[in-house]
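Notes follow the structure.
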Protein chains: 4
Amino acid sequence: MPPTLGQNQYGKAETRVLRVTREGAVHRLRDLNVSVALSGDLAEVHLAGSNAAVLPTDTMKNTVYAFAREHGIASPEAFGALLARHFVASGPAIRRARVRVEEYAWERVPTTGEKAHSFVRAGNGTRTAQVTCDGGECETLSGLTGVTLLNTTDSEFRGYLKDRFTTLPETGDRVLATDVTAVWRHAAEPADWDGSHAVARGHLLAAFAGTYSRSLQQTLFAMGSAVIDNLPGIDEIRLSLPNKHHFLVDLEPFGMRNEGPDGAVYIAADRPYGLIEATVLREGAEARIPVDLTNT
Amino acid sequence: MPPTLGQNQYGKAETRVLRVTREGAVHRLRDLNVSVALSGDLAEVHLAGSNAAVLPTDTMKNTVYAFAREHGIASPEAFGALLARHFVASGPAIRRARVRVEEYAWERVPTTGEKAHSFVRAGNGTRTAQVTCDGGECETLSGLTGVTLLNTTDSEFRGYLKDRFTTLPETGDRVLATDVTAVWRHAAEPADWDGSHAVARGHLLAAFAGTYSRSLQQTLFAMGSAVIDNLPGIDEIRLSLPNKHHFLVDLEPFGMRNEGPDGAVYIAADRPYGLIEATVLREGAEARIPVDLTNT
Amino acid sequence: MPPTLGQNQYGKAETRVLRVTREGAVHRLRDLNVSVALSGDLAEVHLAGSNAAVLPTDTMKNTVYAFAREHGIASPEAFGALLARHFVASGPAIRRARVRVEEYAWERVPTTGEKAHSFVRAGNGTRTAQVTCDGGECETLSGLTGVTLLNTTDSEFRGYLKDRFTTLPETGDRVLATDVTAVWRHAAEPADWDGSHAVARGHLLAAFAGTYSRSLQQTLFAMGSAVIDNLPGIDEIRLSLPNKHHFLVDLEPFGMRNEGPDGAVYIAADRPYGLIEATVLREGAEARIPVDLTNT
Amino acid sequence: MPPTLGQNQYGKAETRVLRVTREGAVHRLRDLNVSVALSGDLAEVHLAGSNAAVLPTDTMKNTVYAFAREHGIASPEAFGALLARHFVASGPAIRRARVRVEEYAWERVPTTGEKAHSFVRAGNGTRTAQVTCDGGECETLSGLTGVTLLNTTDSEFRGYLKDRFTTLPETGDRVLATDVTAVWRHAAEPADWDGSHAVARGHLLAAFAGTYSRSLQQTLFAMGSAVIDNLPGIDEIRLSLPNKHHFLVDLEPFGMRNEGPDGAVYIAADRPYGLIEATVLREGAEARIPVDLTNT
């Protein structure tokens, strides 16, 4: 018996679009990376090479640019929704459209006078959004990635399971650092997507900073809870937190103590790293965000 | 009501281990990148910071190295299975262990005499394996990533859907190139993991080369079918194929024709790119491989 | 005749050190990537494998950590100078030591109360420093890399040379964007390395923003001149500025105009890119900064 | 006094061109990344924004594609020479043109029948070439980068300098691994650029494999000497060899010995790494290759 076709999707990935808006001498910009994936009744193209039901990915790219011109980019979520609603209706075979957006942040270069058209890219993380439309039903996720956080104290790690391969000493004071990837799901759409994102981001940072940490898992749950507690429209958040290890350097061979009230020196390590991932939910909410946000 | 904890997992990612085996003057090596993720009854560490049920990720790293010494690395799949079976039994709270392995291939540097201890890294793709044990039940996936393929002809693209944003001209002869990421699931374990992987890889390449392509979807299905048809122990394969566009350069402004029996010149483009993903199944088999192999 | 040995150098590259300083509940940090290269009378190790004159690179790494503990990190330049002076005197064979430092910037996460030990990494560029000691003579370079700037207007490009391969239309209004890599040489050491760096960075950004640009070369020269004009201790600066092209999308096929007072839509392109490099000197100063700051 | 302009150059970097050649059903390809840099009497564009002497970088890109069509790509060196000779004569202001080429290697996918148009990219390193024309005088460099080599034995490291920061134990048997970057200079042009490159590459690998190593410096000199000794047209070679450390894992805490006739287990480390760089010259030859091949 011949093999059968399972889940399939196709689209254009990583269309890079910059939208400039001018109000006299004051300019604003939105800088996005847009990836589209469509699925539906597409067996014929796989089995027989018939493209009759296929909207070319080149056309998707064109549509991203044309929509950015025609409708502007109010926010990554709003732009994603425009596109997803368009694509899910783009052909009789298409049942589902998923649009993923990365947004790169820019800050103004301070200038004198009325002119305001100069920008410097802010590197502290990328904002993300995903809108998926299944027929007429759409769901929006917001998130961020690449936000690197570090606490120089108020983190310990002890009381853990030991076995024959344990060598790690317990510690009452360590550096705790991570690169936040977070995705949250909106049960209700906020009136202001940018404002909502800024508030969620602020709570994630404040919870990381304000939690006395006995484990990165505890810190993760505090971060997720802060978002659920403070943003009533968000029902679910998933966090993926690598433990970016900073090891205290052993300076004893040189007759030096690497501790004390004046601080210490750490090795910023690359690999391997711990990886802590969990979902935090509003009581009674359904878990819908995929488990694997990253590929490791 | 306080937020609740959903799916969670933790582990050590990207432990890099080189295992050298010596048989007199002839040496062999295995070069792996190992990532472990455990899950189970771990609410306490998230909610209260109690590490009583937590095997530190540092211990996982130690275990990878100790097992590589004690048991050797017969194959990525066999080594992953050893580790997954160990970790799923590593504490009363642990219910599930997933071990992901990347293997980097090395070839021998030709030398004269009996000595054989020199290697050059082969860059044509990375072999992958994943073993997941849920209690006593284990499942093994094999795969590869980063294998870049290109056909200079026997690829066309026409007969597709047009709309107001269509500008792409139809073509009867184009370059078709992709970077293969593939994952396949073993219903029955092969006697020889290395041999099975080499056979599957060979069929993927042969099907890419041997298929006259009307769409990348058709090529994908042919590649997946070749594996299902030829390896009876494999029930399911998922492929993620970016369409690495090579555009014919427009040389008309310079009075030149960029076609003909002697060949042509192409722009090797970076972004955006098409992305084609699908699962191919043995008739009646269950689809179990996750849909998103990559994060785009 | 046997081959002869030419210029040679060796050292430890990319030692990653985090230095935390505590003043009660207020913590500060310096996060560096340090690379050391030594040269001198090292023929014996190349020709005969004798390591008698070789300070192991492992010892260099240890020294970086020990010095960070013992002396602290006042600035990348000051720390580089401490290390370079140490290494140039580390053995009778060593004549020259070059220490390169990258510094990653962190900002405080705002918190309430007295505690101040939480940081978020700022991504808008990396600060660089290089100290080279040749015997007792030392020279210091400061710089930055990865600072991405963009002007949405006040940039044109016309009046250029045409030949049979010219297709680019002239333009009176384009987006101008670049990723600044800059290195400057101090003829006199500033009292405050951090302050001097901030002032230089500020002038680079202000000159980019404030220059009406007829070419990226002109903008480059304005940026370099601003530093030379405003920082009397700096005699030379070299800039490497990729032209990160943002192409106006052609929306005519869709019956749309992509221009006008309300803004426009651009393709943010990856490759190829223009690359503009030049040195700007104080009148009469010697050019000493190497020509190739990057490898492209 | 106003600042003055020093060395400057500009051009188009990273033009990606694929050239397909057809001989009936048998196809061949060349896959290049081309970067052009021009310099000359270009003060006006920097000081006044006049582009009268400026050949746009967009035109350089067009020229790369048009030349690939018109002249074909016989080798990276020959194609670089065609372009460099063209660009150095492209305008009255231009005095010097440097063309850098990276070539990505592809191998044939084995197929049956007469057809031969399917390729798989070989990942074991990138071939490089650089042609610089100063007026009518041209100089050609060839090279490679990203070739990763590893010896599992016949490497020791002892007898080195000790100081108060030394902790490294001496070893009589270690893994030696590196990522070769090499650039060599042709005093006389070979009849066959591809053949010459293959021979040079072969000697580099054979010398790495065949040298009993007391230090990576010694191995480097042996590798460079092998090229100088065996290729009479090459007068100079520079090598940059990171020491990709593979540390023996300490398994004593687990009661295990990590050594013996049956092999051992190593940590493949990322950072920091040693970096060994040197030039090897034919007796009496001038050293002309720049000292810094990489940016670390």
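In what follows, every chain begins at residue 1, and chains take the letters A, B, ... in the order their sequences are listed. All values below were derived from every heavy atom in this structure, side-chain atoms included, with hydrogens, water molecules and symmetry-related copies excluded.
Atom CG of Leu251(A) is separated from atom CG of Asn62(C) by 8.5 Å, given to the nearest 0.5 angstrom. Separation of atoms OH (Tyr266(A)) and CZ (Arg16(C)) is listed at 14.5 Å; rounding is to 0.5 Å. Of the inter-residue distances, the one linking Lys244(C) atom NZ with Leu18(A) atom CG reads 11.5 Å to the nearest 0.5 angstrom. To the nearest 0.5 Å, atoms OG1 (Thr148(A)) and CG (Asp31(C)) are separated by 10.0 Å. Atom CG of residue Leu205(A) and atom CD of residue Glu107(C) lie 10.5 Å apart, to the nearest 0.5 angstrom.
With a 4.5 angstrom heavy-atom cutoff, Ala68(C) touches chain A via backbone and side-chain atoms both. With a threshold of 4.5 angstrom between heavy atoms, Leu150(A) approaches chain C through its backbone and through its side chain. Neither the backbone nor the side chain of Arg30(A) has a heavy atom closer than 4.5 Å to any heavy atom of chain C. Heavy atoms closer than 4.5 Å to chain C are found in both the backbone and the side chain of Val120(A). Residue contact with chain C, scored on non-hydrogen atoms closer than 4.5 Å, involves the backbone and the side chain of Ala66(A) alike. Proximity to chain C (any heavy atom under 4.5 Å) is shown, for Thr21(A), by both the backbone and the side chain. Using a 4.5 Å cut-off between heavy atoms, Val17(A) contacts chain C through both its backbone and its side chain. For chain C, the nearby parts of Tyr65(A) are the backbone and the side chain; heavy atoms of each come within less than 4.5 Å. With a 4.5 angstrom heavy-atom cutoff, Val20(C) touches chain A via backbone and side-chain atoms both.
A salt bridge links Asp154(A) and Lys115(C); the closest N-O separation between the charged side-chain nitrogens and carboxylate oxygens is under 4.0 Å. Salt bridge annotation for Arg22(C)-Asp173(A): present, with a cationic side-chain nitrogen under 4.0 angstrom from a carboxylate oxygen.
Looking at Arg121(C), its side chain never comes within 3.5 Å of a backbone N or O of Gly125(A) through a donor-acceptor pair.
Residue with the most contacts toward chain A among Phe254(C), Phe208(C), Phe119(C): Phe119(C) (heavy-atom pairs, distance under 4.5 Å). In terms of heavy-atom pairs under 4.5 Å with chain A, the best-connected choice from Asn151(C), Thr111(C), Thr112(C) is Asn151(C). Chain A forms more heavy-atom pairs under 4.5 Å with one residue of Asn258(C), Val180(C), Asp270(C) than with any other, namely Asn258(C). Chain C forms more heavy-atom pairs under 4.5 Å with one residue of Ile73(A), Asn33(A), Ile267(A), Val64(A) than with any other, namely Ile267(A). Considering only heavy-atom pairs separated by less than 4.5 Å from chain A, the leading option among Asp179(C), Thr15(C), Asn124(C) is Asn124(C).
For the residue pair His27(A) and Thr153(C), the shortest heavy atom distance occurs at CE1-CG2, 3.6 Å. Across every non-hydrogen atom of Thr152(A) and Leu29(C), the tightest pair is CG2-CD2, 4.0 Å. The two residues Val109(C) and Ala209(A) come nearest to each other via the heavy atoms CG1-CB, 3.9 Å. Scanning both residues, Arg69(C) and Arg257(A), for their nearest heavy atoms gives NE-O, 2.8 Å.
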